[in-house]
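The basis for the numbers below is simple: all heavy atoms, side chains too, and nothing from hydrogens, waters or symmetry mates. By convention in this document, chain letters (A, B, ...) are assigned in the order of the sequence lines, proteins followed by strands, and residues within each chain are numbered from 1.
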Number of protein chains: 2
Amino acid sequence: MPVTIRDVARASGVHISTVSRTFSAPHLVNPETRVRVLACAEDLGYRPNRAARALITGRTHNIGLIIADIANPFFPPLIKAAESQARHRDYHVFVADTNEDAAAEEELVHALAKQVDGVLLCSPRMSNSLIEQLSREVPLVVVNRQLAGLPCVLMDVGQGARSAIEHLAGLGHRELALLGGPRGSWTSREIRRAASAAARAAGADLTVLGPNPPTETGGLAQAEQVHRAGVTAVLAYNDLMAIGLLEGLDALGVRVPQEVSVVGVDDISLSRLTRPKLTTVATPTAAAGRTAVDMLLQQDTDLPRTTRGGGATVAVGVRRTTAQVMLQTELVIRDSTGPGPYAGRERPGTAAAGPGPHRRADPGNPVVAAGDVVAS
Amino acid sequence: MPVTIRDVARASGVHISTVSRTFSAPHLVNPETRVRVLACAEDLGYRPNRAARALITGRTHNIGLIIADIANPFFPPLIKAAESQARHRDYHVFVADTNEDAAAEEELVHALAKQVDGVLLCSPRMSNSLIEQLSREVPLVVVNRQLAGLPCVLMDVGQGARSAIEHLAGLGHRELALLGGPRGSWTSREIRRAASAAARAAGADLTVLGPNPPTETGGLAQAEQVHRAGVTAVLAYNDLMAIGLLEGLDALGVRVPQEVSVVGVDDISLSRLTRPKLTTVATPTAAAGRTAVDMLLQQDTDLPRTTRGGGATVAVGVRRTTAQVMLQTELVIRDSTGPGPYAGRERPGTAAAGPGPHRRADPGNPVVAAGDVVAS
DNA sequence: CTGAAAGCGCTAACAA
DNA sequence: TTGTTAGCGCTTTCAG
């Protein structure tokens with residue numbers, strides 16, 4: 001039933017290799033033959049079998065996308081952008097969900113390795129050394145994790161956390177808390193590092209609570225702790241946790257932002273819909289997805305996979321280019337942050353309202369323009 | 001570099017066909033040989049190449065998942081459940097996003113057809129006849145669309161819409177509006193049909209506004225119309241639109257539920273987070289994903305794909321079983337609905353508060369238990 | 001129970 | 001420019 005190259009060859013009266021060439025190297029075939037073959041292919045509804053093709057070319061034209069949790073609203077825009085970008089370049093995307101489980105990540109990379117030309121590892125939870133090891137099995141691009149020898153797409157959450165803390169300190173908050181993210185998260189460490197430094201610089205205390213699951217429940221569960229700790233402002237690992245915290249504080253009768261200010265990270269679409277609307281550090285998720293795919297496919301074109309004869313695969317020359325791209329983040333000030341107990345004191349210039357609200361601007365297409373290359 | 005069946009054969013001193021059997025028909029191989037082969041495979045890190053295998057078996061062990069819009073929060077839980085269920089059964093999932101575009105759907109089915117054993121079409125926008133035609137190219141399971149000859153997973157939004165309208169009428173609303181969904185959506189038609197009938201039965205007027213894009217913006221854009229139409233209660237095609245409407249009404253200074261009641265459909269996680277919390281018809285998205293995958297794989301096991309000799313593919317006997325599964329929905333009453341102008345009049349028994357709030361219960365694993373088979 | 005051989009759909013030398 | 005041939009990694013008859 002499925003129509004193969006042979007059917008087309010028969011129909012157009014040429015050898016199958018001519019049909020093959022018509023699709024994979026059209027310039028090597030006589031224009032007249034080409035149109036005839038194309039016509040036959042068309043009305044037989046022929047489509048090359050990519051898997052069969054992959055067997056010999058070594059390129060599947062598929063990529064893998066490994067995601068910690070598809071249901072976490074942070075990821076869908078990234079998935080969508082990655083899939084769209086991949087498809088524009090004639091690649092298809094396997095999507096796999098690991099449920100935030102490091103072991104599942106490893107297994108998935110193995111399972112997908114032979115079926116794809118490369119894998120995007122998004123917010124991985126496994127160790128750096130394991131990632132490096134896996135990268136010898138299949139080309140990898142890592143999102144939200146910095147690794148020396150590998151191409152990475154990073155979001156500058158450090159800068160974001162700093163802005164958030166400065167915003168809060170500027171509003172007169174001195175007792176701050178940080179709701180940490182999950183164990184193994186590079187993002188969580190970055191936020192913690194930057195937030196601690198910024199708090200110190202601003203002469204504020206920062207209590208770290210966590211690690212926590214990066215979910216609404218995770219935030220909700222810490223509401224009482226936050227309340228008891230007597231802090232007046234909280235930075236959460238992500239918006240989901242911030243929203244959970246909002247709910248928890250509401251249940252405890254704590255008013256936001258009058259008694260406690262809350263800042264999230266990500267700017268998921270939900271954050272404009274809570275009451276109060278969430279102040280948050282916007283991360284360019286869609287751009288990250290596009291960029292990561294670009295980097296993976298770039299690498300893919302650079303690296304010849306197979307050489308005929310002997311069946312041995314020979315890595316020809318080209319060393320992997322391991323650019324690391326850092327995408328900018330931006331503090332979006334909404335309604336969940338307000339003046340703290342020291343407002344107007346000690347830092348007169350900045351205490352009033354902070355800078356005017358920013359709107360998140362999702363960067364456009366170009367890879368390099370989307371961020372700064374921090375290493376290569 | 002990639003280790004093949006031949007490497008394992010060499011290492012364990014047997015013929016490649018024995019290695020092959022060790023993996024695809026272990027019972028046909030001497031236990032002692034088997035363990036030896038397995039051991040060699042293990043420490044060489046051998047994994048069968050599924051694409052090569054597919055070439056001869058006719059089964060790729062992949063499925064395709066075609067989604068109108070990954071970023072629409074309705075879909076991620078479905079994708080997650082489908083991917084998880086597929087993987088449990090040793091299948092991988094291609095995910096593709098169509099941006100609500102019917103033409104893209106068709107192209108994607110073609111593009112994926114050869115690489116998968118079947119495709120899940122979720123909330124398709126293309127015509128029934130086209131879907132039927134495509135189903136001759138690759139096994140299809142359709143979610144949120146009813147088609148005579150094809151396996152479908154449906155959610156009983158008709159019942160849901162009826163409950164919603166009855167709930168509103170019971171609260172004393174007589175002037176109702178329906179925000180319709182996108183053109184080509186079966187769900188939208190079902191809701192409209194059921195809502196109209198229920199309104200008529202309750203002696204209420206129902207103004208239909210639409211079609212609309214199934215997004216927050218789509219709902220927001222209709223706020224003024226709703227206000228101007230003078231209705232006191234609105235049923236929206238989905239939660240996203242309902243939430244947009246909430247925002248729009250808020251901007252117009254219209255209070256919910258005091259002046260206008262709003263009901264959504266889907267019960268996306270967001271709906272518990274808006275203020276007021278959204279009353280909505282919960283749809284069992286995760287169960288739909290699982291069920292659809294089950295039906296697809298069931299079909300896949302039923303339908304032998306290839307027969308050796310002559311290379312012709314022969315459909316052997318078995319007719320496709322085209323069960324249609326209808327999953328239950330449930331009205332979840334929260335804070336966006338309240339008494340209307342006729343509260344307490346004319347229908348004394350029901351006007352007060354309606355039935356107590358329900359919590360959405362996501363049905364468990366089993367396919368058939370998850371709903372009623374309405375046809376087969 | 002195991003080996004030999006053919007071939008899935010396709011591409012890539014090599015010859016003509 | 002086209003046909004011939006070998007073979008990608010694997011499964012599956014068919015003999016032995």
Side-chain angles (χ1 to χ4, degrees), chain A residues 1-10 12-37 41 44-61 113-115 117 304-314, chain B residues 1-10 12-37 41 44-61 113-115 117 304-314:
Chain A
M1 194 60 186
V3 27
T4 81
I5 202 173
R6 233 173 296 269
D7 301 315
V8 180
R10 199 175 309 122
S12 46
V14 296
H15 195 262
I16 59 163
S17 52
T18 302
V19 179
S20 173
R21 274 182 217 113
T22 306
F23 287 93
S24 41
H27 58 280
L28 292 182
V29 78
N30 184 315
E32 291 176 24
T33 330
R34 194 196 308 158
V35 298
R36 186 154 39 92
V37 171
L44 289 181
Y46 169 75
R47 302 245 172 178
N49 181 326
R50 303 176 136 216
R53 180 182 276 178
L55 209 49
I56 194 161
T57 61
R59 338 207 74 108
T60 60
H61 265 242
K114 291 265 191 31
Q115 289 190 85
D117 296 338
R305 293 281 291 274
T306 46
T307 321
R308 305 299 309 282
T313 300
V314 184
Chain B
M1 196 61 187
V3 26
T4 80
I5 202 174
R6 233 172 295 270
D7 301 315
V8 180
R10 201 175 308 124
S12 46
V14 296
H15 194 260
I16 59 163
S17 51
T18 303
V19 178
S20 173
R21 275 182 216 110
T22 307
F23 286 92
S24 41
H27 58 279
L28 292 183
V29 79
N30 183 318
E32 291 176 24
T33 329
R34 194 195 309 160
V35 298
R36 188 155 39 91
V37 170
L44 289 182
Y46 169 75
R47 303 243 170 178
N49 181 326
R50 304 176 132 213
R53 180 182 279 178
L55 209 49
I56 194 160
T57 61
R59 337 207 78 108
T60 60
H61 264 242
K114 290 266 189 33
Q115 291 189 86
D117 297 338
R305 293 283 291 275
T306 45
T307 320
R308 306 297 312 282
T313 300
V314 184

Quiz item: So what does A:F23 hit on the nucleic acid, given a heavy-atom distance under 4.0 Å: a base, only sugar-phosphate, or nothing?
Solution: nothing
Exercise. Would you mind classifying the nucleic acid contact of B:S17 as base, sugar-phosphate or nothing, using non-hydrogen atoms under 4.0 angstrom?
Key: base
Self-check item: Contact nearer the 5' end of DNA chain C, comparing B:K114 with B:V14
Solution: B:V14
To the nearest Å, give me how far apart [atom1] ([X]) and [atom2] ([N]) are.
X	N	atom1	atom2	result
B:R53	C:dG7	CZ	C1'	17 Å
A:R34	D:dT2	CZ	C1'	14 Å
A:R50	C:dC8	CZ	C1'	19 Å
B:Y46	D:dC10	OH	C1'	7 Å
B:H15	C:dA6	NE2	P	12 Å
A:L55	C:dT11	CG	P	11 Å
A:D7	C:dC8	CG	C1'	13 Å
A:R10	D:dG3	CZ	C1'	17 Å

Kindly point out which of [options] is positioned nearest to the side chain of [X]?
X	options	result
B:T57	C:dA4, C:dC1, D:dT11	D:dT11
A:R21	C:dC14, C:dC10, C:dA4	C:dC14
A:V29	C:dT2, D:dT2, D:dG9	D:dT2
A:T18	D:dC8, D:dT2, C:dC8	D:dT2
B:R6	D:dT12, C:dT2, D:dC10	D:dC10
A:I56	D:dG3, D:dG7, D:dC10	D:dG7
B:N49	D:dG3, D:dC10, C:dT2	D:dC10
B:A52	D:dG9, C:dC1, C:dG3	D:dG9

Practice problem: Output all residues satisfying side-chain hydrogen bond (donor to acceptor under 3.5 Å, both in side chains) with B:R34, sequence neighbours left out; order by chain, then residue number. | Solution: none
Qualifying residues under salt bridge (Lys or Arg N to Asp or Glu O under 4.0 Å), relative to [X], sequence neighbours excluded:
X	answer
A:R6	none
A:R36	none
B:R47	A:E107

Quiz prompt | Inter- and intrachain pairs under side chain to side chain donor-acceptor pair (under 3.5 Å), touching residues 16-32 of chain A, at least two apart | solution = A:H15-A:S17
Practice problem: State whether B:S20 places a side-chain N or O below 4.0 Å from either non-bridging phosphate oxygen (OP1 or OP2) of D:dG9. | Solution: no
Quiz item: Would you say D:dT2 has OP1 or OP2 under 4.0 Å from some side-chain N or O of A:T33?
Solution: yes
Quiz item: When you measure from the side chain of B:T60 to the backbone N and O of B:A54, does any donor-acceptor pair fall under 3.5 Å?
Solution: no
Quiz item: Quick one: does A:V14's side chain get under 4.5 Å of A:V19's, heavy atoms only?
Solution: yes
Exercise. Nearest-nucleotide wise, let me know which of A:H27 and A:I16 is further upstream toward the 5' end of DNA chain D.
Key: A:H27
Self-check item: Reported NZ-to-OG1 distance for the pair B:K114 and A:T4, which is rounded to 0.5 angstrom
Solution: 8.5 Å
Quiz item: To 10°, what angle do the rotation axes through the five end pairs on each side of the helix from C:dC1-D:dG16 to C:dA16-D:dT1 form?
Solution: 40°
Practice problem: Would you kindly check whether a donor in the side chain of B:R47 faces an acceptor in the base of D:dG9, or vice versa, at under 3.5 angstrom? | Solution: no
